[in-house]
Amino acid sequence: MNATRKPRKRESGIGLSLSGGGYRATLFHVGSLRRLAETGVLEQVSHVSSVSGGSIVAGALAADWVRHPTDDALQRIARLTDVLRKFCSHTIDTPTIIGGLLTPFRRVSDVLASKYDGALFDGLLLSQLPLDRPRFTFCSTNLQTGRLVHLTRNRIVDYRIGRTALDVPLARAVAASSAFPPFLSPVEIDTRQAKWEATTYSTLTNDKRFSQRLYLTDGGAYDNMGLEPIWDKYANILVSDAGAPFVNAERPATGWFSQLHAAFEIATDQARGARKRWLIDQFQRHEHDPADGGPKGTYWGITTQIVDYELGDALPVSRQSITQLASMRTRLDAFNDTEQKRLINWGYAVCDAGIRRWCSSLCRADTPKPIFPYPDQPLA
């Protein structure tokens with residue numbers, strides 16, 4: 001977010017952001033999307049902005065929209081759940097790294113994109129995504145400019161370089177968003193044939209050192225909630241956050257690599273915390289003064305205590321369960337059946353509480369009572 005930028009006039013509609021967090025985030029967001037579908041909110045979403053593990057979900061959702069444009073939201077989420085549960089049953093990070101290292105003339109990131117394409121996207125291009133809503137933005141980070149890169153249906157944007165209409169495979173966009181450094185990144189995009197247009201803040205549009213090839217890493221390095229593309233655009237903002245909380249360490253890491261990793265986690269945690277506090281402050285300002293121009297909306301996170309929503313009929317989830325789920329790994333390695341069901345249940349439950357507590361006006365009148373998608377894995 002650029003604090004000095006004058007906020008735009010907000011469009012009517014809903015912006016939804018899906019955070020990073022590996023397969024853990026993917027499964028958590030699947031649960032959230034299921035409840036959004038049941039409440040009728042998903043069909044109203046204008047724009048989905050995503051990062052890393054959230055981009056795996058968003059990419060699969062976009063692909064399903066292309067293949068089944070007239071199906072309703074519940075049909076879509078049923079297919080999405082089956083596809084992503086199968087996908088998250090397989091480890092792809094370690095085999096991808098090994099495969100990239102052992103294959104001459106092929107980068108690790110190319111192997112990652114090919115795995116996404118083979119399992120989820122089957123050659124789809126960004127240009128084939130829906131013309132109408134929802135729009136999809138896959139967020140990545142430019143290692144050269146240090147800024148967020150937006151990859152969308154009709155353009156690539158880095159506000160230091162500008163924008164271009166270059167088309168990209170959906171699998172490569174998702175790989176660029178989820179290429180966790182240093183092992184899975186950078187994802188390179190050749191932009192030598194691209195025609196860049198200057199934007200308000202671009203200063204490198206005609207600088208060939210930056211505009212002929214993009215070197216991209218995980219979008220979470222800049223904005224792990226994927227909030228920037230939507231935060232000042234829509235009247236309603238919804239945030240599903242499965243990002244990893246910083247874990248207190250009684251004995252801090254002292255090795256060089258471990259210290260670098262810990263420092264990255266601290267910086268990411270602080271940046272996410274600042275964005276979260278700012279967002280909730282905006283919601284509260286609007287609640288007290290609807291004329292202030294700020295957004296309505298809600299935030300739900302993997303560490304959120306569901307009792308904080310003060311919703312009498314929220315699904316029962318214990319603090320112990322929340323702690324266990326929030327501490328699950330964020331790698332792209334196989335999650336077993338129990339782990340998957342519990343994460344989906346948690347995303348469903350906390351999304352339900354957030355939506356019905358703060359955005360009930362968005363829900364359809366006949367919204368069904370919440371029921372855990374997998375009753376055999378209660379979280380109380």
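- For N345 (side chain) and F372 (main-chain N/O), no donor-acceptor pair under 3.5 Å exists by modelled atom type.
- Atom-to-atom distance recorded for R319:CZ and I306:CD1 is 11.5 Å, nearest 0.5 angstrom.
- Contact between W196 and I156 at its shortest, heavy atoms only, is CZ3-O, 4.0 Å.
- Sequence neighbours left out, not one pair with a member in residues 149-160 passes salt bridge (Lys or Arg N to Asp or Glu O under 4.0 Å).
- In terms of modelled atom types and a separation under 3.5 Å, the side chain of S140 and the main chain of V149 share no donor-acceptor contact.
- With contacts defined as side-chain heavy-atom distances shorter than 4.5 Å, the pair F87/I92 qualifies.
- Scored by the side chain to side chain donor-acceptor pair (under 3.5 Å) test, T152 finds N154 as partners (sequence neighbours excluded).
- Of the possible polar contacts, none joining the N236 side chain to the G297 backbone as a donor-acceptor pair under 3.5 Å is found.
- With hydrogens and angles disregarded, a donor-acceptor distance shorter than 3.5 Å links the side chain of Q44 to the backbone of L362.
- For the pair D223 (side chain) and L227 (backbone), a donor-acceptor distance under 3.5 Å is present.
- Remark: R10 does not engage D232 in a salt bridge, criterion side-chain N to carboxylate O under 4.0 Å.
- Nearest approach of V66 to P130, heavy atoms of both residues: CG2-CD, 4.2 Å.
- Hydrophobic clustering keeps L143 apart from Y222 (ILVMFWY residues linked when any side-chain heavy atoms are closer than 4.5 Å, directly or through intermediates).
- G15 and I230 get closest at one heavy-atom pair: C-CD1, 3.6 Å.
- When all heavy atoms of L124 and A63 are compared, the closest pair comes out as CD1-CB, 3.6 Å.
- When side chains are defined from C-beta on, K341 counts as touching D376, because their heavy atoms get closer than 4.5 Å.
- Hydrophobic clustering (side-chain heavy atoms under 4.5 Å, transitive across Ile, Leu, Val, Met, Phe, Trp, Tyr) keeps L120 apart from V51.
- Taking D132 as the reference, nothing meets the side chain to side chain donor-acceptor pair (under 3.5 Å) condition, with sequence neighbours excluded.
- The CG atom of L238 lies 6.5 Å from the CG atom of L36; values are rounded to the nearest 0.5 Å.
- By the ring-ring contact (aromatic ring centres under 6.0 Å, His included) test, Y234 is found to be paired with H47, residues two or more places apart in sequence or in another chain being considered.
- To the nearest 0.5 angstrom, H29 atom NE2 is 4.5 Å from S240 atom OG.
- Contact check on D71 versus R79 returns a salt bridge, with a Lys/Arg side-chain nitrogen under 4.0 Å from an Asp/Glu carboxylate oxygen.
- With hydrogens and angles disregarded, a donor-acceptor distance shorter than 3.5 Å links the side chain of R24 to the backbone of A326.
- For the pair Y348/S32, no side-chain contact is recorded, criterion being any heavy-atom separation below 4.5 Å from C-beta on.
- Under 3.5 Å, the side chains of T94 and T91 contain no donor-acceptor pair of N or O atoms.
- Using a 4.5 Å heavy-atom threshold, the side chains of L343 and M328 count as touching.
- With values rounded to the nearest 0.5 angstrom, L33 atom CG is found 4.5 Å from I77 atom CD1.
- Atom CZ in F210 sits 12.5 Å away from atom OG1 in T191 (nearest 0.5 Å).
- Remark: side-chain polar atoms of S202 are paired, donor with acceptor, to backbone N or O of T199 under 3.5 angstrom.
- Hydrophobic clustering (side-chain heavy atoms under 4.5 Å, transitive across Ile, Leu, Val, Met, Phe, Trp, Tyr) groups L204 together with L166.
- A heavy-atom distance below 4.5 Å is found between the side chains of L18 and V48.
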Tell me which donor-acceptor pairs under 3.5 Å the side chains of residues 173-190 have, and how far apart each pair is, sequence neighbours excluded?
from	atom 1	to	atom 2	distance (Å)
S177	OG	S52	N	2.9
S177	OG	S55	OG	2.7
S177	OG	C139	O	2.7
S178	OG	Y116	OH	2.8
S178	OG	V174	O	2.8
S185	OG	T217	OG1	3.1
E188	OE1	R213	NH1	3.2
E188	OE2	R107	NE	2.9
E188	OE2	R107	NH1	3.3
E188	OE2	R107	NH2	2.6
D190	OD1	R192	N	3.0
D190	OD1	R192	NE	3.0
D190	OD2	R192	NE	3.1
D190	OD2	R192	NH2	2.6

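- Side chains of I56 and L332 form a contact here, defined as non-hydrogen atoms less than 4.5 Å apart.
- Checked by atom type and distance alone, the side chain of W346 never pairs as donor or acceptor with a backbone atom of I322 at under 3.5 Å.
- Here the side chains of R342 and L325 are in contact, with some heavy-atom distance below 4.5 Å.
- Residues passing the side chain to side chain donor-acceptor pair (under 3.5 Å) test with S321, sequence neighbours excluded: S318.
- Note on R356 versus D313: salt bridge recorded, some NZ/NE/NH1/NH2 to OD/OE distance being below 4.0 Å.
- Formation of a donor-acceptor pair under 3.5 Å by the D167 side chain with backbone atoms of S127 is found in this model.
- In plain terms, the two heavy atoms of L311 and A353 that are nearest each other are CD2-CA, 3.8 Å.
- At least one side-chain heavy atom of I161 sits under 4.5 Å from a side-chain heavy atom of N142.
- There is a path of hydrophobic side-chain contacts, each under 4.5 Å, that joins F136 to V168.
- Contacts classified as salt bridge (Lys or Arg N to Asp or Glu O under 4.0 Å) and involving residues 82-91 (residues at least two apart or in different chains) are given here: R85-D337.
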Inset, instruction - Show your reasoning for whether side-chain hydrogen bond (donor to acceptor under 3.5 Å, both in side chains) applies to T137 and H150. - result: CA-CA 6 Å; T137 296; H150 303 181; 5.5 Å; no

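- Taking the ring centre of W65 as origin, the terminal cationic atom of R76 falls inside the region bounded by 6.0 Å and 45° from the ring axis.
- For the salt bridge (Lys or Arg N to Asp or Glu O under 4.0 Å) test, no residue two or more places apart in sequence or in another chain qualifies with D72.
- For residues 13-23, every residue pair satisfying the side chain to side chain donor-acceptor pair (under 3.5 Å) rule, not counting sequence neighbours, is listed here: S19-D241.
- A salt bridge does not link E43 to R364: none of the charged side-chain nitrogens sits closer than 4.0 Å to a carboxylate oxygen.
- Applying the ring-ring contact (aromatic ring centres under 6.0 Å, His included) rule to pairs touching residues 309-335 yields nothing, sequence neighbours excluded.
- Side-chain N or O atoms of T39 include none that pairs as donor or acceptor with a backbone N or O of T367 at under 3.5 Å.
- Residue pairs meeting the salt bridge (Lys or Arg N to Asp or Glu O under 4.0 Å) criterion with at least one partner in residues 200-210, sequence neighbours excluded, are D207-R209.
- No side-chain donor-acceptor contact under 3.5 Å links Y374 and Q340.
- Contact detail for T96 and V108: the closest heavy-atom pair is CG2-O, 3.4 Å.
- When the ring-ring contact (aromatic ring centres under 6.0 Å, His included) test is applied to F138, no partner is found at least two apart in sequence or on another chain.
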